[in-house]
Structures are given as C-alpha cells and as structure tokens.
Amino acid sequence: MESENLKNETSSEKTKNFLEEIIEEDIRTGKHGGRVLTRFPPEPNGYLHIGHAKSICLNFGLAQKYNGKTNLRFDDTNPTKEDVEYVNSIKEDIEWLGFKWDNELYSSDYFEQLYQWAELLIQKGLAYVDDQTQEQIRTNRGTVNQAGTNSPYRNRSVDENLDLFRRMRAGEFKDGEKVLRAKIDMGHPNMLMRDPLLYRIIHTDHHRTGDKWCIYPMYDYAHGQCDSIEQITHSICTLEFDVHRPLYDWFIEKLEIFPSHQYEFARLNINYTVMSKRKLLQLVQEKTVMGWDDPRMPTICGLRRRGYTPESIRSFADKVGVAKRDNVIDLSLLEFCLREDLNKRALRRMAVLNPLKVVITNYPEGQVEELPAINNPENESAGKRMVPFSRELYIERDDFMENPPKKYFRLAPGQEVRLRYAYFVKCTDVIKDANGNITELHCTLDPASRGGNSPDGRKVQGTIHWVSAQHAIKAEIRLFDRLFAKADPDDVPEGVDWKSSINKESLTVIEGLLEPSLRDVKPLDKFQFERLGYFCVDSDTTPSKLVFNRTATLKDTWAKIAGQ
RNA sequence: UGACCUAUGGUGUAGUGGUAGCACAGCAGAUUUUGGUUCUGUUAGCCUAGGUUCGAAUCCUGGUAGGUCAACCA
C-alpha cells in the first residue's frame with residue numbers, strides 16, 4: 001500500500017524539461033558550486049506580453065525550484081528607443097505575476113566596465129575603429145552564401161584605434177561617423193562573427209545616464225558581459241539568439257571573465273494572436289485597440305484588465321512546456337487555465353445580458369422577498385447572499401422559445417423551469433407587438449417550490465437565471481472575441497497587410513441588468529455571471545457607471561448541440 | 001560558403017535501447033438547483049529511406065520539411 005502510494009506519487013511527478021535536466025546536471029557536478037542565478041532581461045521599449053510571461057515564469061521558476069535567485073536587468077543600450085514609462089510598467093507586471101527579483105539592475109550600470117573591456121580588446125588587437133559608412137559596412141558583410149570583405153580600416157594600429165575610440169567617447173564625431181568593431185573573420189559562415197559592431201555613436205540622452213555617454217554598446221557586446229559581471233549561471237533566452245551564442249562565448253573567452261552560459265528555448269506563440277512587439281505597438285499607435293492594456297491585447301496589462309489572474313497565467317506557462325521546437329499553442333489552453341482558476345474562486349452572480357420581461361401573474365403586486373443564493377458552489381466558505389424577487393423579472397431572451405426543438409430544457413409555452421434559487425415557473429402567455437416580436441411573458445409560479453425545490457419531488461430539466469426588474473442595476477458590458485479572425489494572422493497573401501486578419505467584431509458593447517449586490521464593486525473584481533461566463537470590473541468604471549468586461553464565456557454544451 | 005536549430009495524435013509536451021504516456025481540444029456517458037463544475041470512457045501519433053541490434057521514437061548515415069541569421073535593434 002505504502003509503496004504503491006509512493007509509486008503513484010513518483011509517476012505523477014511532472015517530467016523535467018531540458019533546462020531542468022541541465023541545471024540538475026550542473027548541480028550534480030558542482031558547477032558554480034551548485035549556485036543557480038538567472039536573469040530576466042527586458043528592453044524597456046514596450047509592454048510585456050504573454051510570451052514574456054513564459055520567460056518570466058521560466059527564469060524565476062527555475063531559480064525558485066533550485067534555491068537560486070533571479071535578477072531583473074533592463075537591457076537599456078539603445079537610448080533612442082527606451083523610456084522609463086516602460087521600466088515602470090515592466091516592474092508592475094512582473095510583480096503582479098507574483099515574482100520578486102533579487103536585484104534591479106541595468107545594462108547601463110555597466111557602461112564604464114564595458115568601455116574598459118573595449119579598450120582591452122583594442123589593446124589585444126581584437127577590435128578596431130571603422131570609418132566605413134553604414135551602407136559600406138552592410139555591403140562588405142557579404143551574404144549567407146558569400147564571404148564578406150575586410151574593411152580598409154581593419155588593420156589600424158592599436159594606438160590609432162585607442163586614440164580614435166577615446167575621441168569617439170569624447171564626442172568628437174557625429175552619429176554614424178565611426179564604429180568600433182571586433183576583429184574576428186569576415187569570411188565566417190556565421191554572419192554574426194563577421195567583425196560585429198561593438199559600439200556606435202548616438203548623441204542622445206539616456207533615461208538613466210543622461211548625457212554622460214555618446215557611444216553605446218550593441219546588444220551582443222553588452223549582454224554576455226553583463227551576465228558575466230552578475231555571475232549569471234544560466235542565461236536563458238529564445239531560439240533566435242542561438243546563432244549569437246558563438247559571439248557570446250567569444251567575448252567571455254577573449255576577456256577571460258566569468259563563464260556565463262546561454263541556453264535557448266522556443267518562444268511562445270498562440271493562435272489567433274500576434275506576439276511581436278512591433279505589431280502590438282502598431283495596434284496601439286493606429287488605435288486599432290484602446291491602448292496597451294486593451295482587454296483584447298496579449299499584453300500582461302491587457303490580460304489583467306480582461307480579468308485574467310496571475311495564477312491562471314502561471315498555470316498556462318507551466319502547461320505549455322519548454323522545448324526547442326517551434327510551437328503554436330491553442331488559445332483554448334489559455335482559456336482553460338483561466339476557467340480552471342476562476343471556477344474555484346469567482347463569486348457567482350446573476351445578470352441578464354439580453355433581457356426579456358416576465359410577469360409572474362400569481363405573485364402579488366408590490367411584494368418583494370429576499371431569497372438566499374450560494375456565492376460559490378465550489379467553496380462553501382464563500383457563503384450566501386440575499387437576492388430580491390418580485391412580480392416582474394427579466395430573463396435571458398435565449399432562455400425562451402415559443403417553438404422549442406427537442407431537448408430544449410428552458411422556458412417554453414407550458415414548459416416548467418426553475419428560476420435559480422427562486423421558484424418553479426410555467427409560461428402561460430406570450431405577449432407580442434404588432435410585428436410579432438415577443439415583448440413579454442406571463443408565467444405562474446408554484447409557491448411550494450420556493451427556494452427551487454418542490455416538496456412533491458417533481459423534477460424540472462432546466463434552471464435559468466433572472467433579475468428582479470425593479471431591483472436590477474444597469475451596467476455597460478463589453479463582450480470580447482478574439483482580436484484576429486485567422487488562426488495565423490500573418491498567413492496573408494503576398495502584398496496583403498497582416499492587419500487584414502483582424503476580427504472586426506472583436507468588441508461588442510451592450511447594456512446588461514445585474515442583481516443589486518453588484519452595486520459596490522471596484523475595478524479588477526471578478527465574478528461568474530451564472531450560465532454566461534466570467535466577468536471583470538473594468539477600470540473605466542465610475543461611481544455613476546459600471547463597466548464589466550467579459551473575460552471568457554462558460555463552456556456551452558447547448559450551443560454546440562443547437563449549432564449542429 | 002552557407003552555418004546553426006528542430007521534427008512524437010488536431011495542438012502542446014514526456015519518453016534517454018525493452019508495453020508510446022500526460023494535458024488541452026474532440027467524441028460518448030454519469031452526476032448536477034449553472035446545458036457550468038466534477039467523474040468515467042473513448043478517437044487520434046513516432047517526417048522518410050537505409051543501417052546497427054534479439055529488440056530503435058531513442059543510436060548511425062542519407063534524404064525531406066519547418067525555423068533562425070546578412071539593423072550602427074534587442
């Protein structure tokens with residue numbers, strides 16, 4: 001028995017991903033004394049998205065699992081694109097996801113050290129100042145099938161290079177006039193090893209160093225050395241940096257500094273979504289969406305406003321796995337993680353989004369009673385609330401059919417249903433306007449079924465939600481659908497813009513009627529409107545106007561049957 | 001003169017020479033005061049051709065397919 005339990009536990013244990021294998025091997029062999037230090041290195045030039053969330057969960061998660069730590073390091077080597085606005089949003093999003101960094105650092109903290117190392121490379125004959133134009137450098141780099149050609153300035157003396165580089169730093173040259181390059185091999189099969197640029201001149205103030213510098217290091221020259229300075233043990237990045245690794249290693253080897261190592265994993269892709277920073281920025285700038293935090297955006301702030309929880313996103317990051325093959329995750333997995341989490345925690349409420357008036361003809365006019373309703377059937381400690389019931393109600397228009405198909409369990413002429421937590425009712429009359437549209441239903445209730453059960457034990461097949469007409473409160477409800485109509489938004493014919501893949505019906509705004517207990521809610525509060533979905537109070541909510549976002553619908557088996 | 005990375009159900013992901021498993025999605029059923037949840041069952045997979053081996057998803061070789069790289073971006 002005991003051994004069987006043990007066996008079950010072991011076999012249900014989650015299998016390791018390749019990074020966990022590597023780290024465990026490193027710990028086993030005593031590499032870095034068994035120490036694990038990772039880093040999350042965003043460039044502060046945009047908002048974090050769900051793809052970054054995967055990387056954050058990976059880096060912080062790995063450190064947590066192996067008693068290590070994680071640094072937050074802003075990769076701020078390009079002052080023309082970066083801004084403190086982004087620094088702040090990034091920190092907020094990481095904290096919201098539930099992670100704490102060990103140190104808040106910036107690549108710019110290391111500019112002086114990086115500069116000194118550049119002089120060292122010059123002295124070693126491994127770097128030179130190039131006067132070629134941008135165009136010349138590009139041309140002379142060759143192509144993937146053709147070797148590049150050496151710069152005419154490649155063999156300047158150490159002294160001349162040093163003098164020129166110092167004058168670059170001193171601001172004697174204009175933007176683009178000179179660059180510092182590593183002297184490696186213009187014929188290397190890896191393009192990145194063809195004398196890569198180390199420094200370029202940019203006379204632009206930096207968000208942290210101000211006007212102290214007018215030369216800035218390139219990514220390849222900065223990233224590995226920053227890792228090394230911090231003694232990062234496992235520098236984890238996405239697959240497209242794989243080809244950069246020889247360069248990463250080259251600097252560490254030539255500079256003889258701490259040997260951080262880079263590992264690459266496949267970035268996250270989700271269907272019906274775009275993940276590129278450039279495209280997300282475009283959606284914001286062209287006002288296709290309301291902003292970076294538009295609830296349809298895959299940004300972390302967008303998902304937060306939509307009503308996603310940190311737990312659901314972490315669970316998602318866990319479920320998508322970590323490997324090296326390209327992948328496209330079904331959006332349904334993200335929704336599953338959301339529902340799985342919210343089902344356990346969201347308080348249930350009743351709301352009618354497409355109202356149809358119902359008059360209970362055998363219920364006294366003016367009478368009101370309060371009926372107890374369960375807040376969350378998944379969590380008894382969430383308790384109960386009282387919901388007002390009266391003669392005039394609203395139900396969902398979809399919950400009535402005059403000529404129902406077979407297996408339609410909801411309200412229909414002569415068919416009895418349960419009003420959730422209230423009474424069994426039967427429809428006696430259907431009131432229509434001159435055009436034949438149904439405007440109102442007359443029903444009778446069975447007083448003995450108060451609370452939702454009949455003492456005679458008879459069953460009803462359907463239970464529908466409702467609100468009391470005189471007590472209902474109004475709210476703006478924003479119904480979201482996927483932002484793109486195509487699974488792969490980039491799959492468009494030659495010459496057609498990716499934005500043609502946008503789903504033009506991704507937002508529908510309606511007015512809903514809510515049970516009165518929803519009067520005092522605040523932004524980010526989350527509820528399940530029974531039988532409809534999960535809804536989250538939007539930040540546009542004011543004391544005089546409630547706004548809810550539909551985070552996700554509930555699974556709808558009936559819609560599936562009815563659609564067939 | 002191309003280099004490198006990757007191929008397991010519809011989508012992801014395990015499997016490390018010995019019965020191809022898990023999750024999502026799908027389908028079927030049970031339970032249910034949410035057509036929700038929960039539970040049970042089920043469909044469906046090793047890119048290809050050789051080779052090594054008693055035995056290959058796994059090792060070797062050759063193909064094929066997809067991806068990354070030619071910003072003074074990161």
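Here is the naming used below: chain letters follow the sequence lines, and residue numbers restart at 1 for every chain.
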Q.
Holding to side-chain contact (heavy atoms from CB on, under 4.5 Å), I want the full list of residues that pass it with Val179(A), two or more places apart in sequence or in another chain.
A. Asp130(A), Ile137(A), Arg181(A), Leu197(A), Arg200(A)

Q: Let me know the distance between CD of Glu335(A) and P of U37(B), rounded to the nearest Å.
A: 13 Å

Q: Using heavy atoms to find the nearest nucleotide of RNA chain B for Asp556(A) and Asn327(A) separately, return the residue whose nucleotide is more 5′.
A: Asn327(A)

Q. Does the pair Glu369(A)/Arg450(A) count as a salt bridge with the N-to-O cut at 4.0 Å?
A. yes

Q: Under 4.0 Å from any atom of RNA chain B, heavy atoms only: list the residues of residues 172-183 of chain A that qualify, in numerical order.
A: Gly176(A), Val179(A)

Q. Within less than 4.0 Å of OP1 or OP2 of U38(B), is there a side-chain N or O belonging to Arg339(A)?
A. no

Q.
Using a 4.0 Å heavy-atom cut-off, does Thr553(A) contact any base of the nucleic acid, only the sugar-phosphate backbone, or nothing at all?
A. nothing

Q) Residues two or more places apart in sequence or in another chain: which of them pass side chain to side chain donor-acceptor pair (under 3.5 Å) with Thr238(A)? A) Glu240(A)

Q) Looking at U38(B), does its base get a donor-acceptor pair with the side chain of Glu378(A) below 3.5 Å? A) no

Q. Are Tyr219(A) and A74(B) stacked, counting the six-membered base ring, centres under 5.5 Å, planes under 30°?
A. no

Q. Just checking His188(A): base, sugar-phosphate only, or nothing, at a heavy-atom cut-off of under 4.0 Å?
A. base

Q) How close or far is atom C1' of U34(B) from atom CD1 of Ile395(A), stated in whole angstroms? A) 15 Å

Q | Partner set under side chain to side chain donor-acceptor pair (under 3.5 Å) for Ser228(A), not counting sequence neighbours | A | none

Q. Mind checking whether Phe74(A) and Tyr86(A) have side chains closer than 4.5 Å, heavy atoms only?
A. no

Q: Go along nucleotides 14-24 of chain B 5' to 3' and tag each nucleotide: B for a protein heavy atom under 4.0 Å from its base, S when only backbone or sugar atoms are that close, - otherwise.
A: SSB-------S

**Q.** Worked check of side-chain hydrogen bond (donor to acceptor under 3.5 Å, both in side chains) between Asn271(A) and Asp330(A)
**A.** CA-CA 6 Å; Asn271(A) 53 20; Asp330(A) 275 345; 3.0 Å; yes

Q | Arg349(A) versus Asn375(A), side-chain donor and acceptor atoms under 3.5 Å | A | yes

Q: Looking only at side-chain atoms of Ile329(A), point me to the closest of A74(B), C72(B), G12(B).
A: G12(B)

Dump every N/O contact between nucleotides 67-70 of chain B and the protein below 3.5 Å, one line per pair.
unit_1, atom_1, unit_2, atom_2, d
G67(B), O4', Asp326(A), OD2, 3.4
G67(B), O2', Asp326(A), OD2, 3.3

